[in-house]
Asker: 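Input: one structure, supplied below.
Here the structure is a predicted model, which is why all the values come from computation and not from measurement. Every chain is numbered from 1, with letters handed out A, B, ... down the list of sequences.
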There are 2 protein chains.
Amino acid sequence: MSEVIPQRRVISRLPRERRVADIMEAAHDVFCERGYADASISDIAERAHVVEGTIYRYFENKRELLVRVVGHWYEEMLADYDTQLSGIKGTRNRLRFLIWRHLRAIKTDPALCRLVFSELRAGPDYRETRVFDLNRDYTRRTLDILRDAIAAGEFRDDAPLTLVRDMIYGGIEHHTWAFLRGEGDFPLDETADAITDFVYRALVIVPADDMTLARIEQAAAKLERLIGKAEA
Amino acid sequence: MSEVIPQRRVISRLPRERRVADIMEAAHDVFCERGYADASISDIAERAHVVEGTIYRYFENKRELLVRVVGHWYEEMLADYDTQLSGIKGTRNRLRFLIWRHLRAIKTDPALCRLVFSELRAGPDYRETRVFDLNRDYTRRTLDILRDAIAAGEFRDDAPLTLVRDMIYGGIEHHTWAFLRGEGDFPLDETADAITDFVYRALVIVPADDMTLARIEQAAAKLERLIGKAEA
DNA sequence: GCCTCTTAATGAATGGCATTCATCAGGAAT
DNA sequence: ATTCCTGATGAATGCCATTCATTAAGAGGC
């Protein structure tokens with residue numbers, strides 16, 4: 001007999017940034033828990049305490065919401081990146097830092113990484129995305145380090161730089177896919193060491209050791225003496 | 001005034017394998033043209049000259065259809081793989097062959113590769129998939145080559161093999177993403193050369209160049225003797 | 001404190017899609 | 001020719017992204 005009295009919901013108008021932040025936080029959570037395809041706008045709306053239509057006032061569509069959520073995360077990650085990197089000296093150490101940071105991001109936020117790897121990057125509009133620019137900015141440091149090492153004569157100059165960059169980030173990604181799918185774990189430091197070592201050895205110019213150098217010099221000296229004699 | 005007379009469609013019962021093949025071919029085409037998310041079962045059904053329900057008699061759901069289509073493609077690719085590989089000698093050449101084949105597959109079937117890279121591999125059920133096993137079989141050859149080279153003393157033995165494998169395939173994938181999105185092209189042979197070179201250098205044990213040194217020293221000694229004779 | 005007006009917020013409606021299922025009928029077996 | 005198994009059908013179900021006409025919050029003017 002008792003009628004269900006519809007709760008007179010208090011409708012409040014929040015400042016734009018607050019609403020956007022609420023929606024993005026809810027979207028972040030739902031995307032991470034369910035993945036992009038299984039996340040529904042109504043779930044996100046409910047968690048943000050709004051109704052579906054409201055989301056579309058601030059975001060063009062589901063995909064833009066994803067791009068914005070990921071973009072926000074990228075910006076947070078990049079915040080202290082340069083500061084920390086500038087405190088590290090030496091090609092090998094700097095390279096290891098980039099690799100280690102990337103691995104740590106995967107370990108800390110596997111769900112977000114999956115969104116980037118298999119949803120965002122595959123889209124035909126990826127290049128127009130802010131995440132594309134942020135990512136380019138992110139990996140630019142790798143190229144800078146490689147260029148510096150080449151200029152210093154530490155690395156050979158005949159390896160295509162972008163290929164080296166892709167081997168690093170692609171290798172990291174491939175190696176962590178099982179973890180990203182929730183199958184087991186990976187050792188952060190060991191993996192960073194192994195990848196750094198692999199890349200370093202592939203690029204470094206091996207200086208001849210002292211003994212070898214000494215023998216070459218002796219042989220050269222002998223030749224010079226002989227030439228001198230021949231001239232005489 | 002003229003009634004649209006519904007075309008009395010001839011319903012024919014095809015042998016199971018034929019129906020399955022028709023559906024898979026249609027699915028292949030639609031998946032490649034539209035991508036997984038935008039491919040609709042009704043499109044596939046129409047192209048296979050069946051009705052939606054029929055597809056569900058042979059395939060559990062859209063995802064299984066994808067797995068089967070990709071699995072079929074993998075099997076075709078692997079058919080002549082071992083035959084060709086067995087004709088190639090030398091670690092470097094064999095490694096280059098694997099890399100080159102992988103790059104060629106990407107260049108030849110970019111749409112299918114995208115399906116694998118961003119739809120299939122991300123799924124939590126990927127490990128239970130036949131594609132997983134096929135892929136494992138596919139990359140096993142890489143590990144075999146690396147192990148052989150280590151056993152022969154050509155490669156160092158302190159690099160984690162699976163990491164090397166992942167650097168190769170992850171690197172290839174990362175490097176070709178722009179192409180996979182339809183943005184430009186990549187040079188097949190040059191890329192294969194550069195990756196092979198990168199990997200080879202990262203792993204090869206630089207032989208202490210005794211031989212070369214010895215030749216220099218012997219040449220100097222011979223010259224010395226000759227000049228001695230001339231003086232005499 | 002009241003009125004006006006802009007526009008944030010609502011929630012119902014639309015259309016598309018994967019998947020299910022009751023029903024039909026081809027064709028092999030008898 | 002008849003029966004029966006099961007392949008094939010297509011309508012129905014339910015979910016979901018997206019749209020839109022309507023409501024009312026709350027800022028600004030008086």
Asker: Mind telling me whether A:Y200 and A:F155 have parallel, tilted or perpendicular rings, with 30° and 60° as the class edges?
Answerer: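 Taking A:Y200 first and then A:F155, their aromatic rings stand perpendicular (interplane angle over 60°).
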Asker: For B:D185, give me all partners under side-chain contact (heavy atoms from CB on, under 4.5 Å), at least two apart in sequence or on another chain.
Answerer: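 Result, side-chain contact (heavy atoms from CB on, under 4.5 Å) vs B:D185: B:K107, B:F179.
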Asker: Quick check: does any side chain N or O of B:R130 sit under 3.5 Å from a backbone N or O of B:V67, one acting as donor and the other as acceptor?
Answerer: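 A pair under 3.5 Å: no.
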Asker: Could you tell me the separation between the CD atom of A:E46 and the P atom of D:dC16, rounded to a whole number of Å?
Answerer: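 The distance from CD of A:E46 to P of D:dC16 comes to 12 Å, rounded to the nearest Å.
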Asker: Output the rounded distance in Å from CG (A:D43) to P (D:dC15).
Answerer: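 One finds 12 Å between P of D:dC15 and CG of A:D43, rounded.
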Asker: B:H102: what forms a ring pair (Phe, Tyr, Trp, His ring centres under 6.0 Å) with it, not counting sequence neighbours?
Answerer: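 Scan of B:H102 (ring pair (Phe, Tyr, Trp, His ring centres under 6.0 Å), adjacent residues dropped) gives B:Y138, B:Y169.
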Asker: Which of residues 25-41 of chain A have a heavy atom under 4.0 Å from DNA chain D?
Answerer: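 Close to the strand are A:A39, A:S40, A:I41.
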Asker: Please name all residues satisfying side-chain contact (heavy atoms from CB on, under 4.5 Å) with B:A192, sequence neighbours left out, ordered by chain then number.
Answerer: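 With sequence neighbours excluded, B:A192 shows a side-chain contact (heavy atoms from CB on, under 4.5 Å) to B:R96, B:I99, B:W100, B:L103, given in chain and number order.
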Asker: When you measure from every atom of DNA chain D, which of residues 53-62 of chain B have a heavy atom less than 4.0 Å away?
Answerer: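 Within this stretch, B:G53, B:T54, B:R57, B:Y58 sit under 4.0 Å of the strand.
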Asker: Does atom CD of A:E46 have more than 12 heavy-atom neighbours from other groups under 6.0 Å away?
Answerer: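 Result for CD/A:E46: open.
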Asker: What pairs meet the side chain to side chain donor-acceptor pair (under 3.5 Å) rule with one or both residues in residues 14-24 of chain B, with sequence neighbours excluded?
Answerer: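 As it turns out, the side chain to side chain donor-acceptor pair (under 3.5 Å) pairs with a partner in residues 14-24 of chain B, which skip direct neighbours, are B:R18-B:D22.
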Asker: Below 4.0 angstrom, N of the basic side chain to O of the carboxylate: do B:R141 and B:D144 qualify?
Answerer: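 Salt bridge absent between B:R141 and B:D144.
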Asker: Is there side-chain contact between B:D148 and B:T91, with at least one heavy-atom pair below 4.5 Å?
Answerer: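 B:D148 vs B:T91: side chains apart.
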Asker: If a pair satisfies salt bridge (Lys or Arg N to Asp or Glu O under 4.0 Å) and one of its residues is in residues 159-174 of chain A, list it, with sequence neighbours excluded.
Answerer: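 Pairs touching residues 159-174 of chain A that pass the test: A:R121-A:E173.
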Asker: So, using side-chain contact (heavy atoms from CB on, under 4.5 Å) as the criterion, who are the partners of B:Q84 when residues are at least two apart?
Answerer: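 side-chain contact (heavy atoms from CB on, under 4.5 Å) list for B:Q84, sorted by chain: B:D80, B:F97, B:R101.
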Asker: How would you list all residue pairs meeting salt bridge (Lys or Arg N to Asp or Glu O under 4.0 Å) that involve residues 47-58 of chain B, not counting sequence neighbours?
Answerer: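 Residue pairs passing salt bridge (Lys or Arg N to Asp or Glu O under 4.0 Å), neighbours aside: B:E33-B:R47.
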Asker: Within the sub-3.5 Å range, which N or O atoms of nucleotides 28-30 of chain C have a protein N or O partner, and how far apart are they?
Answerer:
none

Asker: Does anything in residues 13-24 of chain B reach DNA chain D, meaning a heavy atom under 4.0 Å, and if so which residues?
Answerer: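 Heavy-atom contacts with DNA chain D come from B:R13, B:L14, B:R19.
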Asker: Could you state the atom-to-atom distance from CD of A:E52 to P of D:dT18 in whole Å?
Answerer: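 Going from CD in A:E52 over to P in D:dT18 covers 11 Å.
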Asker: Restricting to salt bridge (charged side-chain N to carboxylate O under 4.0 Å, His left out), what partner residues turn up for A:E25, sequence neighbours left out?
Answerer: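 In terms of salt bridge (charged side-chain N to carboxylate O under 4.0 Å, His left out), with neighbours along the sequence ignored, A:E25 is linked to no residue.
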